[in-house]
Amino acid sequence: MWQVIGQTRAVSLLQRSLESGKLAHAYLLVGPAHVGKMTAAINLAQALNCEASERPCLECASCRKINAASHADVQVISLTQNEDSVEAKLIGIDQIKQIQHDANLPPFEGNHKVFIIAQAELLSIEAANCLLKTLEEPTDRVTFVLLTTDDRLLPETVVSRCQRLELPPLSMAEVESALAGKGIDPERARLLAGLSHGCPGWALSAAADDSLLQQRDEEVKRLLYVIDANYEERLAYVAQMAAQFSQNRGSVYDILNLWLDFWRDLMLVKLGSHDIITNVDLRDELARMAGGYRLAQITSFIKSIQAAAEQLTQNANTRLALEVLMLDIPVKEGGGEENLATQFSVKYG
Ligand SMILES: [Zn+2]
């Protein structure tokens with residue numbers, strides 16, 4: 001009764017370990033955001049504490065309590081909020097010391113203690129070292145499950161103490177069929193599956209909450225506007241993104257990913273592969289625009305978007321990186337638009 005969508009390899013390995021009683025003391029689940037890592041960890045905790053014969057049953061008191069985050073033996077550790085309710089940047093040593101203490105006590109209401117550490121790549125160095133000590137001295141009936149999008153950001157010493165399980169993105173068809181199975185209409189399921197990049201958790205959230213798609217629609221509108229905008233208007237867009245970046249880096253990466261998806265779709269349409277585009281609701285717009293660009297222009301701009309994203313991850317000057325990207329937007333052929341590089345040289349000499 002695992003609720004994880006797809007991930008048969010990881011799930012069957014965990015299930016076999018449960019049945020044979022040969023569980024690792026610590027697991028490291030690696031995969032992109034919303035792919036199902038937390039669901040797998042919660043299901044494992046349920047299976048370890050379930051009162052039924054087929055575990056996890058999801059029905060017994062124990063399974064229900066774990067699902068409601070009210071089971072005394074299952075804890076989720078993540079970034080905490082400080083007094084100003086600004087999110088902390090790292091998982092601190094105090095949080096790990098607390099679970100170190102709790103791990104030494106016997107299970108309180110269930111059979112097995114489970115500590116799930118979300119975004120384990122955000123453990124501070126002190127917290128990771130503290131955790132390492134606990135992982136080096138495993139206790140019976142205690143399991144740690146670390147979740148991360150990128151295990152290269154964790155100390156090798158911590159990684160080597162865990163059994164690593166990869167949860168890769170699903171295929172678009174797998175997400176689409178999972179959504180269809182939940183009664184979502186086919187056209188919407190196809191759109192959400194494409195936009196989810198193989199992460200069903202995102203698609204399910206977007207199916208339940210229209211604001212996620214509305215935000216994306218707003219960003220698409222801005223993107224289409226900026227493509228046809230003059231240099232001043234593009235600079236205003238960059239200024240807004242740069243300000244946003246200092247507040248919330250993730251949202252700017254999301255926008256760049258949206259740009260990447262859009263231009264990849266243009267390339268696919270240009271190549272006649274309409275059936276595998278991401279933005280299925282923009283089919284007509286993409287078909288209309290594809291005629292205005294040469295393939296080489298599109299592929300070159302895709303590289304520019306990737307380069308800008310790379311520069312932002314390396315803490316380059318955000319504004320400059322985005323301004324260069326705006327200058328690189330290809331000029332439509334036959335439209336008689338002024339070349340932006342010309343505008344730029346007029347402005348800056
Ligand atoms: Zn149960």
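For ligands, and for the atoms within them, numbers begin at 1 and follow the listed sequence. Below, each value reflects all heavy atoms present in this structure, side chains not excepted, and no hydrogens, waters or symmetry copies.
Looking at residues two or more places apart in sequence or on another chain, you find no side chain to side chain contact (heavy atoms under 4.5 Å, CB included) involving Ala307. For Met172, the side chain to side chain contact (heavy atoms under 4.5 Å, CB included) partners at least two apart in sequence or on another chain are Arg190, Ala193.
Between Glu166 and Arg9 there is no salt bridge, since no side-chain N of the basic residue sits under 4.0 Å from a carboxylate O of the acidic one.
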Next on the checklist: Before you tell me yes or no, could you show the steps for Tyr253 and Phe245 under ring-ring contact (aromatic ring centres under 6.0 Å, His included), namely the whole-Å CA-CA distance, both residues' side-chain angles and the distance that decides it to 0.1 Å?
Outcome noted: CA-CA 9 Å; Tyr253 291 128; Phe245 192 71; 5.8 Å; yes
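Within the protein, the N, O or S atoms lying under 2.8 Å from the Zn ion (ligand 1) are Cys50 SG, Cys57 SG, Cys60 SG, Cys63 SG.
Legend: ring pair (Phe, Tyr, Trp, His ring centres under 6.0 Å) pairs involving residues 1-26, not counting sequence neighbours: none detected.
Among all heavy-atom pairs drawn from Phe301 and Leu325, the shortest one is CE1-O, 3.4 Å.
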